[in-house]
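Down below is the structure, laid out as structure tokens.
Please read these numbers as outputs of a predicted model, since none were measured by experiment.
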Amino acid sequence: MSTHHHRTGGPSGRSACAMITPFTADGSLDLDGVQRLATRLVDEDGCDGLVVNGTSGEAPTTSDAEQEAVVRAVAEAVGDRARITAGVGSNDTRHAVALARAAERAGAHALLVVTPYYSRPPQDAVRAHFRTVADAAGLPVLLYDIPGRTGTALSCETLLRLAEHPRVAGVKDCAYDLMKSARVLAATDLAYYSGCDEQNLPLRAIGAAGYISTVSNVAGPQVRAVLDAYDAGDPGTAARRHLALTPLVDAMMSDLPGAVTAKALLDALGLPAGPVRAPLLAAGTDTTAGLVDAYKRATTGPAWDQREPATANCGCAAPR
């Protein structure tokens with residue numbers, strides 16, 4: 001019988017940040033910045049999980065040794081106060097196995113495993129890949145379903161069959177397929193996480209465990225406050241807060257990679273970030289100014305005023 005985490009309290013907690021990887025000015029790994037940012041995200045911004053070495057963490061351009069060092073540094077800084085999930089994605093199963101074992105050694109609490117990309121394996125091969133990685137380490141595994149980047153969606157059948165594996169605990173959902181998500185949630189106890197900030201509230205409403213958020217790098221309290229209101233039985237306030245964040249989510253996630261926009265904002269706020277690595281390019285001056293403006297507008301104002309009546313604007317979040 002499966003030993004899944006319950007969908008309301010999965011391996012990454014409820015409010016997880018897809019953390020960027022700080023670099024120094026010359027582009028080398030900034031482990032001091034890694035620990036300072038992780039500490040801030042957990043102790044000041046209220047993140048109860050951190051996902052490192054993912055897309056926002058620039059995993060494609062960090063070495064295996066750097067990724068292990070990041071996991072170790074974050075685990076040392078906040079591992080007693082937050083759940084640390086390590087991205088171990090690769091389109092080479094042997095490489096993913098090696099990354100999984102290294103992350104376990106370094107102190108990760110769970111693994112994020114993306115569908116193998118570029119080679120576009122068929123579903124039986126995808127299932128074999130995930131099972132092999134899950135068997136390689138003794139940690140819970142989150143399946144990362146993001147066909148827009150990998151070229152291969154996880155089918156509903158694949159998700160249901162992988163849910164039978166004792167260490168497959170959940171899904172980071174970036175598939176934009178609400179029916180598939182609902183079918184899997186209805187049939188399994190997998191912990192679902194929204195991997196796209198615009199879907200945090202909709203997926204929570206149908207039983208998701210929480211989110212893995214890039215926007216939380218800069219607006220963690222506001223992202224968390226959406227689900228705080230929903231879980232407190234106040235969907236009107238939750239919808240109002242969700243909509244107040246939409247311009248920032250749009251600015252950060254629509255045109256440029258989240259690693260670029262999050263680092264531009266963190267640098268503007270005086271927080272650890274540093275440059276991005278090629279082939280990514282830093283945000284330009286005008287783009288950064290627009291991001292800062294969106295950040296200021298989205299994180300201040302009546303949506304975050306606890307004194308505002310809970311029923312204000314209730315019903316404004318019409319189906320989209």
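A donor-acceptor contact closer than 3.5 angstrom links the side chains of Ser56 and Thr214. In this model, a donor atom of one side chain and an acceptor atom of the other lie less than 3.5 Å apart for Glu198 and Tyr176. Side-chain contact of Asn91 with Ser119: a donor-acceptor pair under 3.5 Å is absent, judged by distance alone. Counted by atom type alone, Asn200 and Ser194 present one or more donor-acceptor pairs between their side chains at under 3.5 Å. Side-chain atoms of Gln222 and Thr299 include no donor-acceptor pair closer than 3.5 Å. Counted by atom type alone, Thr115 and Thr152 present zero donor-acceptor pairs between their side chains at under 3.5 Å. Side-chain atoms of Ser90 and Asp92 form no donor-acceptor pair, as typed in the model, at a separation below 3.5 Å.
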(message) Set out, in order, the CA-CA distance, both residues' side-chain angles and the distance that settles side chain to side chain donor-acceptor pair (under 3.5 Å) for Thr93 and Thr132, then state yes or no.
(response) CA-CA 8 Å; Thr93 302; Thr132 300; over 6 Å; no

(message) Please determine whether side-chain contact (heavy atoms from CB on, under 4.5 Å) holds for the pair Ile206 and Leu185, giving the CA-CA distance in whole Å, both sets of side-chain angles, and the decisive distance to 0.1 Å.
(response) CA-CA 8 Å; Ile206 63 167; Leu185 279 164; 4.0 Å; yes

(request) Run the numbers on Asp255 and Thr261 for side-chain contact (heavy atoms from CB on, under 4.5 Å), then give the verdict. (result) CA-CA 9 Å; Asp255 296 323; Thr261 57; over 6 Å; no

(request) Given side chain to side chain donor-acceptor pair (under 3.5 Å), test Thr158 with Arg161 step by step and report yes or no. (result) CA-CA 5 Å; Thr158 286; Arg161 291 175 65 175; over 6 Å; no

(message) As a quick check of understanding, evaluate side-chain contact (heavy atoms from CB on, under 4.5 Å) for Cys17 and Asn217, giving each step before the final call.
(response) CA-CA 6 Å; Cys17 176; Asn217 279 283; 3.6 Å; yes

(request) With side chain to side chain donor-acceptor pair (under 3.5 Å) as the test, would you mind laying out the steps for Ser181 and Asp173 before giving the verdict? (result) CA-CA 8 Å; Ser181 303; Asp173 186 3; 2.4 Å; yes

(request) Check the pair Gln67 / Thr62 against side chain to side chain donor-acceptor pair (under 3.5 Å), numbers first and verdict last. (result) CA-CA 6 Å; Gln67 291 185 31; Thr62 51; 3.3 Å; yes

(request) Could you give me the CA-CA distance, side-chain angles and deciding distance for His109 and Thr85, then say whether side-chain contact (heavy atoms from CB on, under 4.5 Å) is met? (result) CA-CA 6 Å; His109 301 124; Thr85 300; 5.9 Å; no

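Each of Val74, Asp48, Leu50 was checked for a side chain to side chain contact (heavy atoms under 4.5 Å, CB included) with Leu41, and the lone residue meeting it is Leu50.
If you take CG on Leu162 and CG on Leu190, they are separated by 9.0 Å, rounding to the nearest 0.5 Å. Taking CD from Glu157 and CG from Leu159, the interatomic distance works out to 10.0 Å, rounded to the nearest 0.5 Å. Interatomic distance, Leu143 CG to His165 NE2, rounded to the nearest 0.5 Å: 10.5 Å. Note that OH of Tyr144 and CZ of Arg149 are 6.5 Å apart. Values are rounded to the nearest 0.5 Å. Going from atom CG of Asp32 over to atom CG of Leu37 covers 11.0 Å, rounded to the nearest 0.5 Å. Interatomic distance, Ser213 OG to Met19 CE, rounded to the nearest 0.5 Å: 14.0 Å.
Ion pairing between Glu76 and Arg72 fails under the 4.0 Å rule for side-chain N and carboxylate O. Salt bridge Asp228/Arg241: absent, no basic N to carboxylate O contact under 4.0 Å. Under 4.0 Å is where a charged nitrogen must lie from a carboxylate oxygen, and between Lys180 and Asp145 at least one such pair does. With respect to the salt-bridge test (charged N to carboxylate O, under 4.0 angstrom), the residues Asp135 and Arg131 do not qualify. Using a 4.0 Å cut-off between a side-chain N of Lys or Arg and a carboxylate O of Asp or Glu, Asp267 and Lys263 do not qualify as a salt bridge.
The shortest distance between side-chain heavy atoms of Glu58 and Ile20 does not fall below 4.5 Å. Val260 is listed as a side-chain neighbour of Pro257, based on a closest heavy-atom distance under 4.5 Å. In this structure the side chain of Val226 never reaches within 4.5 angstrom of the side chain of Arg204, judged on heavy atoms. The closest side-chain heavy-atom distance from Tyr211 to Ser216 is below 4.5 Å. Put simply, the side chain of Leu291 does not reach to within 4.5 Å of the side chain of Tyr295, judged on heavy atoms. Between Val171 and Tyr193 there is no side-chain heavy-atom pair separated by less than 4.5 Å. Between Leu245 and Val223 the shortest side-chain heavy-atom distance falls below 4.5 Å. You'll find the side chain of Thr21 reaches within 4.5 Å of the side chain of Leu29, heavy atoms only.
Transitive grouping of hydrophobic side chains (ILVMFWY, heavy atoms separated by less than 4.5 Å) brings Leu139 and Val141 into a common cluster. Both Val52 and Leu271 are assigned to one and the same hydrophobic cluster, defined by single-linkage of ILVMFWY side chains at heavy-atom distances under 4.5 Å. Note on Leu281 and Leu265: separate hydrophobic clusters, where clusters join Ile, Leu, Val, Met, Phe, Trp and Tyr whose side-chain heavy atoms are under 4.5 Å apart, directly or indirectly. The same ILVMFWY cluster, assembled from side-chain heavy atoms under 4.5 Å apart, contains both Val114 and Ile212. Transitive grouping of hydrophobic side chains (ILVMFWY, heavy atoms separated by less than 4.5 Å) brings Leu227 and Leu248 into a common cluster.
Under the 3.5 Å distance criterion, the side-chain polar atoms of Ser28 are left unmatched by any main-chain donor or acceptor of Thr24. Checking side-chain atoms of Arg83 against main-chain N and O of Gly13 turns up no donor-acceptor pair under 3.5 Å. Judged purely by atom type and a 3.5 angstrom limit, Arg167 uses its side chain to pair as donor or acceptor with the backbone of Ala134.
The environment of CG in Asp286 is sparse: at most 12 heavy-atom neighbours from other residues, nucleotides or ligands sit within 6.0 Å.
Cluster partners of Met179 are absent, since no Ile, Leu, Val, Met, Phe, Trp or Tyr has side-chain heavy atoms less than 4.5 Å from it.
Applying the side chain to side chain contact (heavy atoms under 4.5 Å, CB included) rule to Asp43 yields the partners Thr39, Arg81; only residues at least two apart in sequence or on another chain are considered. Applying the salt bridge (charged side-chain N to carboxylate O under 4.0 Å, His left out) rule to Arg277 yields the partners Glu66; only residues at least two apart in sequence or on another chain are considered.
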